[in-house]
Number of protein chains: 2
Amino acid sequence: MATIYEVSELAGVSLATVSRVMNNNAKVSDKTRTKVLQAMDKLGYKPNSIAQSLASNRTNSVGVLVSELHGGFFGFIMDGIENELRIANKHIIITTGHSDEAQEKSAIDFLISRKCDALILLTDSVDDDYLISISKTIPTVLVNRKINGIANNCISLNNEQGGYLATKALIEKGHEDIAYIAGPDWKVDSHDRLLGHKKALTEHNLAYKTELFFQGDFNEDSGFDGFNQLKTAATKFTAIACGNDEMASGAMKAARKQGLDLPKDLSIVGFDNNMFASYLYPELTTVDNSAYFMGKMATDIILKSVYKQDDITIQNVFEPKLVQRNSIASIS
Amino acid sequence: MATIYEVSELAGVSLATVSRVMNNNAKVSDKTRTKVLQAMDKLGYKPNSIAQSLASNRTNSVGVLVSELHGGFFGFIMDGIENELRIANKHIIITTGHSDEAQEKSAIDFLISRKCDALILLTDSVDDDYLISISKTIPTVLVNRKINGIANNCISLNNEQGGYLATKALIEKGHEDIAYIAGPDWKVDSHDRLLGHKKALTEHNLAYKTELFFQGDFNEDSGFDGFNQLKTAATKFTAIACGNDEMASGAMKAARKQGLDLPKDLSIVGFDNNMFASYLYPELTTVDNSAYFMGKMATDIILKSVYKQDDITIQNVFEPKLVQRNSIASIS
DNA sequence: TTGTAAGCGTTATCAA
DNA sequence: TTGATAACGCTTACAA
């Protein structure tokens, strides 16, 4: 592998000059530039990115932490990150934290030791203060999280609006007795989604009834249990809004098991627009979480702040959209 | 950030000695070792991995190329890779090729320019010769592909056996009239799966009928079309084996649209055990493709050959397993 | 067992 | 606009 030194010899210039044409930096005369370029070409020269990093103290890499690599949400986010980074000729180093505090912290350490120029973190197992302290050490953007004080480096979804849209979609089809299967309340996501649900109810003069509320945990099973639990309550309902698509699927399975004909006997709306949403039967009407675009935007923040690409507009909060499919029936 | 130099000063030893205790390499007296360790501790010393790479000509990173980051198959493979690499304290650099030859080649270039120690490639858009030439430049393992000459560096699934298992599962439930919706024939995967299907038929003295064959393209829509097409043929069938889960889903949707009651009126078996397989209705019986373990094993090959971890056993071909769920009914 | 010193391939500061 | 040359922080012969 040819080095910058060999190029400089062949071109009859100094190391410094070769370096300059590589970086399109200082002014180099056209004549010199072409001489150097030709030499590079002839030698098939490729800069050694490691040496560049050591000398420039910049690795052109950004570290990413997600919970898991499989799963629709993370996949789309990472697609958004990778695409954007690739265009900028930066690279992405990936680690997983498995939603475990210790593992997430060690993953962050790992990324830092790898000298990433910046971090994109997707975590809910690590507390605000820790993240704030990290962000003082290294440029950090948080996806799907919002922390006061570093809000400019946070990308999040307007979950309340999403919850609102979901329930509103039900109401507009004539539903008035709407149950809700929520995610864990300590997660802001699910907390906010529930808020949106209540808001839609209130706005349409419908009462929120605790008998029609079930507290799940975002997993499919809890949706299954949720439906069964709800069913035992005396209060009737014609629809269920779910905190995410997994639980929606669980609820659908339970309902069908009890002989209900979906969506005729029961309407369901989910949240996330998970990969499998369109594979469910009936195909699930749900709220898209903009995962791809959140990943892209997280990257843009870094491109702008770390790599000085100025022509970028940042948007910290994303507005969700309803994705209409076939899981909501009209009440006649 | 403290450097090795400061550590050596504080410990009263030479640079070389500090380097030695870091790398657990040569013999260092216990006394010296603890002195150095203490100094490191006191200074909060962390080695600069970039400098290590430049000096040692090893980056401790492996480059990975997949088509997309979302999607079940890639997600699980990458999970397998990442987990294994993380344990070994190596890192993973990710790129995507979007199943496009030019993009895949440029991604490979990118990874090489990043000085990865090795490559893990998941590609079907790039030809054998190119991959062989790459593998001469840098240690490379191919996942879900098998190329003669570098078979030791290939990880693949026994697709024929998988196709065999799928159809056999149908036959064992009493089905004799079994249709097949295949993936593109130029993909070895789907070619082999079909072979397995035929083998199961033959083995049970059932005739393979071209009227019961439909050529799809691995996408859901083609499964949908496939069912409709098959339905128009005069020949009856009570079950369909599909080349993958997407097409199985498509076929199920089409069947239900025509009023069939699944699985009573039609049994279906898929292939891949895609993330959404258990979300389908009825939950899809399918063949697991061992994605996670293929990713893990790909990594193991590298751990063994590049990073000299000797206590590793390599397995190049994985045997698929049937995952029983509810999409096959018994013929009475 | 430990130390010396020459790289590794760039970037960046000064001068010229 | 160009060239010397000193970093960057580590590994690794080779010597001691």
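Reminder, nothing fancy here: chain letters follow the sequence lines and each chain counts from 1.
Aromatic ring orientation, B:His91 versus A:Phe110: perpendicular (interplanar angle above 60°, classes split at 30° and 60°).
B:Gln315 places a side-chain N or O within donor-acceptor distance of the main-chain N or O of B:Val317, the cut-off being under 3.5 Å. Side-chain atoms of A:Ser8 never come within 3.5 Å of backbone atoms of A:Val18 as a donor-acceptor pair (strictly under, hydrogens ignored). No donor-acceptor distance shorter than 3.5 angstrom exists from the side chain of B:Ser19 to the backbone of B:Leu15, with no hydrogens or angles considered. No donor-acceptor distance shorter than 3.5 angstrom exists from the side chain of A:Lys115 to the backbone of A:Ile112, with no hydrogens or angles considered.
Comparing the axis of the opening five pairs of the helix from C:dT1-D:dA16 to C:dA16-D:dT1 with that of the closing five pairs yields an angle of 30°, rounded to 10°.
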One character per nucleotide, please: for nucleotides 4-13 of chain D, 5' to 3', B when the base has a protein heavy atom closer than 4.0 Å, S when only the sugar-phosphate does, - otherwise. B---BBBBBB
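Sparse packing is recorded around NZ of B:Lys146, with 12 or fewer heavy atoms of other residues, nucleotides or ligands lying under 6.0 Å away. Environment of CG in A:Asn57: sparse, with no more than 12 heavy atoms of neighbouring residues, nucleotides or ligands closer than 6.0 Å. With a 6.0 Å radius and a threshold of 12 heavy atoms from other residues, nucleotides or ligands, A:Tyr130 has its OH atom above the threshold.
Atom pair B:Lys115:NZ and C:dC8:C1' shows a separation of 11 Å (rounding to whole Å applied).
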